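So that the names make sense, note that chain A is the first sequence line, chain B the second, and so on, each numbered from 1. Just so it is clear, the model here is predicted, and its values are computed rather than measured.
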Amino acid sequence: MRLSRYFLPVLKENPAEAQIVSHRLMLRAGMIKQQAAGIYSWLPMGFKVLKRLEQIVHEEQVRAGHIPLLMPTLQPADLWRESGRYDDYGQEMLRIKDRHDRDMLYGPTNEEMITDIFRSHVNSYKDLPLTLYHIQWKFRDEVRPRFGVMRGREFLMKDGYNFDLTREDALHAYNRHMVSYLRTYERMGLTAIPMRAASGPIGGDNTHEFLVLADTGESEVFYDARVPALKLGDRAVDYDNREEVAGICEEFTTLYARTDETHDEAVYAEVPEEHRKVGRGIEVGQIFYFGTKYSESMGATVVTPDGSRVPVEMGSHGIGVSRLLGALIEANHDDKGIIWPEGVTPFHCGIVNLKQGDTGTDAACEGLYKALRDLGLDPLYDDRDERAGAKFATMDLIGLPWRITVGPRGLANGVVELTSRRSGESEEMSAAAAVARIAQIYDGV
RNA sequence: CGGAGCGUAGCGCAGCCUGGUAGCGCACCUGCUUCGGGAGCAGGGGGUCGGAGGUUCGAAUCCUCUCGCUCCGACCA
């Protein structure tokens, strides 16, 4: 993309309403525009990152054997009357009437609807196990939306639902989700720690929340310092292998890690003192096993091998996709702006032309731009007629992890400059070498 | 939902107390000079002061109502 033809309305000054750094940077970097309290338009670059996160979530869900579908944002109230949650959910649910005066609602989640789909089409144990998920906009009419997309009223969420015959099968689904989530966050360059959680209104006994450590997090967290160092890495996981999947879960949940809701001083005291850490975290996902809570109230049953009919075992699992953007920035920024991890960056690298209009630098930049694109990479070429300082400031603000700087001074020596946004370190090399390096960095990302 | 505050140009703000017909910085447009970390000079465009009502000869300013937004606390992906 050529910046002169893109739509990237960056702000030089901090918008007054944004208090936390991710909100401020998303506004300044021209990623979002607020339309109402907790409701945002996603401008091109914000939308690009959001789509990238969505894609990673999809890939990891499919890898785990889960099946995508799409349910609507608007739902009939009757489904929720059946489960009993229409009255329970309270004012957080946005209720709407259509022209025929029918009660509708903007879905805050989809347990009822997925259960309805299931019971309409599945009757036999032979169709199990089954895990369906979608990535769809939700609405929860929060009393006090804040922190930009981290606590919006409208938000994009991946929610998945497993249907199993037995409790053991359902717990395997639970574990499968935990591992797929670990992998998802890791690909995004985030360290998200599974922590035992309280169940909340969705209900259920087994539940973990995934927390990204950040000073601005809303939850207080207590954990063993060795937990954030745990990595899934690129090990191959057979998601159908129960022992293997359970083993990974054990690996990641044995050491102490809890939020203030489930914190237990007595257990925490057993953690060696030098490993005890207290901090703050942003919740970016949660997994639940809730058994037959919805299948019983809504009649989602299957016929077993012996001919009897039993309610299915279920769980639901969510990732706050739009919130992840905020969490990513909270975890990856400095005083100049965002620092995108390679896995989620909106553009692979930036090209800064220090002397726009100069035949030599223009040609060198065009050459780089074409070479990178020919390799399937997506560079952002700052071809605006701006001064060097302005271009550098924009690049730092929007946080592309790599920048190639092209100026007459370097070109006279046959070199361009490759700079890491994260470390700030620069290296001079030929244009061809810079292209090769970028390609190598993104190989396999 | 309790408490506090803010709405004046695209963004950041001053003016309001003490009414007299709107200003500053950035951004934008034009020209010249600049050009390796948010340039300088000169000129220019843009605001029914959130909305409605009231007081007054006169309202951004005072009064009433209303809408929106933010922050602090209790609740949540």
| said: Under a 3.5 Å cut-off for both contacts, is A74(B) paired Watson-Crick or G-U wobble with anything, and if yes, with which nucleotide? | reply: none

| request: Mind running a 4.0 Å heavy-atom check of residues 323-355 of chain A against RNA chain B and sending the residues that fall below it, in number order? | output: R323(A), L354(A)

| note | Whole-Å distance, I39(A) CD1 to G68(B) P, equals 12 Å

| field | Selection: residues 392-403 of chain A, any non-hydrogen atom under 4.0 Å of RNA chain B | value | F392(A), A393(A), T394(A), D396(A), R403(A)

| message | Test of understanding: with side chain to side chain donor-acceptor pair (under 3.5 Å), list the residues that count as partners of R258(A), not counting sequence neighbours. | response | none

| Sugar-phosphate, base or nothing in reach of G407(A), heavy atoms under 4.0 Å | base

| request: Could I get the full list of salt bridge (Lys or Arg N to Asp or Glu O under 4.0 Å) partners for E142(A), not counting sequence neighbours? | output: R151(A)

| said: So if I take residues 410-434 of chain A and measure heavy-atom distances to RNA chain B, which residues fall below 4.0 Å? | reply: G410(A), E417(A)

| said: Taking salt bridge (charged side-chain N to carboxylate O under 4.0 Å, His left out) as the cut-off, I'd like each qualifying pair that reaches into residues 15-36 of chain A, sequence neighbours left out, listed once. | reply: none

| task | For F139(A) and A77(B), give me the distance from atom CZ to atom C1', rounded to whole Å. | result | 14 Å

| task | Please round to the nearest 0.5 Å and tell me the distance separating atom NE2 of H317(A) and atom NZ of K158(A). | result | 7.0 Å

| message | If I pick the C1' atom on C75(B) and the same atom on G12(B), what distance separates them, to the nearest angstrom? | response | 34 Å

| remark: In whole angstroms, the gap separating P of C26(B) from CG of L11(A) amounts to 16 Å

| message | Tell me whether the NZ or CZ atom of R176(A) lies within the 45° cone about the ring axis of Y239(A) and under 6.0 Å from its centre. | response | no

| For A39(B), what is the paired nucleotide under Watson-Crick or G-U wobble rules, both distances under 3.5 Å? | U33(B)

| query | Does any nucleotide pair with C17(B) by Watson-Crick or G-U wobble geometry, both distances under 3.5 Å, and what is it? | reply | none

| Nearest 0.5 Å, what's the CZ-OG1 distance between R280(A) and T259(A)? | 11.0 Å

| Partners meeting side-chain contact (heavy atoms from CB on, under 4.5 Å) with D385(A) (sequence neighbours left out) | Q356(A)

| task | Could you check which nucleotide pairs with A22(B) in any of the strands shown, counting Watson-Crick or G-U wobble with both distances under 3.5 Å? | result | none

| said: Please give the distance between the C1' atoms of C6(B) and G51(B) as a whole number of Å. | reply: 16 Å

| said: In whole Å, measure the gap between the P atoms of G50(B) and A14(B) for me. | reply: 14 Å

| query | Is a side-chain N or O of E427(A) found less than 3.5 angstrom from the main chain of L418(A), in a donor-acceptor match? | reply | no

| task | Could you work out the separation of C13(B) and A27(B) based on their C1' atoms and round it to a whole Å? | result | 14 Å

| field | Mate of A52(B) where both pairing distances stay under 3.5 Å, Watson-Crick or G-U | value | U64(B)

| remark: Regarding the side chain of P15(A), the nearest nucleotide among G36(B), A77(B), G12(B) is G12(B)

| When only distance counts, do a donor and an acceptor, one from the side chain of R28(A) and one from the base of G38(B), lie under 3.5 Å apart? | yes

| said: Only pairs with both distances under 3.5 Å count, Watson-Crick or wobble alike; so what is the partner of A59(B) in this structure? | reply: none

Could you run down the sub-3.5 Å N/O contacts of the protein with nucleotides 39-41 of chain B?
from   : atom 1 : to      : atom 2 : distance (Å)
A39(B) : OP2    : R387(A) : NE     : 3.2
A39(B) : N9     : R387(A) : NH1    : 3.4

| field | Pair listing, side chain to side chain donor-acceptor pair (under 3.5 Å) test, anchored in residues 335-349 of chain A, at least two apart | value | E342(A)-W402(A)

| Considering every strand shown, what is the Watson-Crick or G-U wobble mate of G47(B) when both distances are under 3.5 Å? | none

| With nearest nucleotides of RNA chain B determined for P408(A) and G318(A) from heavy-atom distances, which residue corresponds to the more 5′ nucleotide? | P408(A)

| said: Expressed as a whole number of angstroms, how long is the span from H177(A):NE2 to A77(B):C1'? | reply: 15 Å

| task | Only counting residues at least two apart or in another chain, list the ones meeting side-chain contact (heavy atoms from CB on, under 4.5 Å) with F139(A). | result | I39(A), L94(A), Y106(A), D141(A), R153(A), E154(A)

| task | Check the distance between A77(B)'s P and M188(A)'s CE and give it to me in whole angstrom. | result | 18 Å

| request: State, with a plain yes or no, whether a side-chain heavy atom of I438(A) is found less than 4.5 Å away from one of I404(A). | output: yes

| request: Mark yes when over 12 heavy atoms from residues, nucleotides or ligands other than Q55(A) sit less than 6.0 Å from its CD; otherwise mark no. | output: yes

| Nearest-0.5 Å distance that lies between atom SG in C349(A) and atom CG in L377(A) | 7.0 Å

| Mind checking the P distance from U64(B) to G25(B)? Whole angstroms is fine. | 36 Å

| query | What integer distance in Å separates F155(A):CZ from A77(B):P? | reply | 8 Å

| message | Nearest heavy atom decides the nucleotide; on that basis, is R409(A) or M150(A) closer to the 5' end of RNA chain B? | response | R409(A)

| query | Contact class for N14(A) (heavy atom, under 4.0 Å): base, sugar-phosphate, or nothing? | reply | sugar-phosphate

| field | Under the side chain to side chain donor-acceptor pair (under 3.5 Å) test, residues paired with H58(A) that sit two or more places apart | value | Y133(A)

| message | A cation-pi test, strictly: NZ or CZ of K48(A) under 6.0 Å from the centre of the six-membered ring of F347(A) and no more than 45 degrees from its axis. Yes or no? | response | yes

| If you measure from the C1' atom in A52(B) to the same atom in A60(B), how many Å do you get, rounded? | 16 Å

| remark: With B for base contact, S for sugar-phosphate-only contact and - for none (protein heavy atoms under 4.0 Å), nucleotides 70-75 of chain B reads SBBBBB

| said: In terms of relative ring orientation, are H263(A) and F222(A) parallel, tilted or perpendicular, with 30° and 60° separating the classes? | reply: parallel

| query | Distance between the P atoms of C17(B) and C63(B), in whole angstroms? | reply | 9 Å

| P atoms of G15(B) and U61(B), separation to the nearest Å | 15 Å

| Roughly, in whole Å, what's the span from CD1 in I319(A) to P in A77(B)? | 14 Å

| Steps toward ring-ring contact (aromatic ring centres under 6.0 Å, His included) verdict (F155(A), W137(A)) | CA-CA 5 Å; F155(A) 58 96; W137(A) 292 94; 8.3 Å; no

| Whether F163(A) and F118(A) hold their rings parallel, tilted or perpendicular, with breakpoints at 30° and 60° | parallel

| task | To the nearest Å, give me how far apart CD1 (I135(A)) and C1' (A77(B)) are. | result | 13 Å

| task | Please examine the side chains of F392(A) and T405(A), heavy atoms only from C-beta on, and report whether any two atoms are closer than 4.5 Å. | result | yes

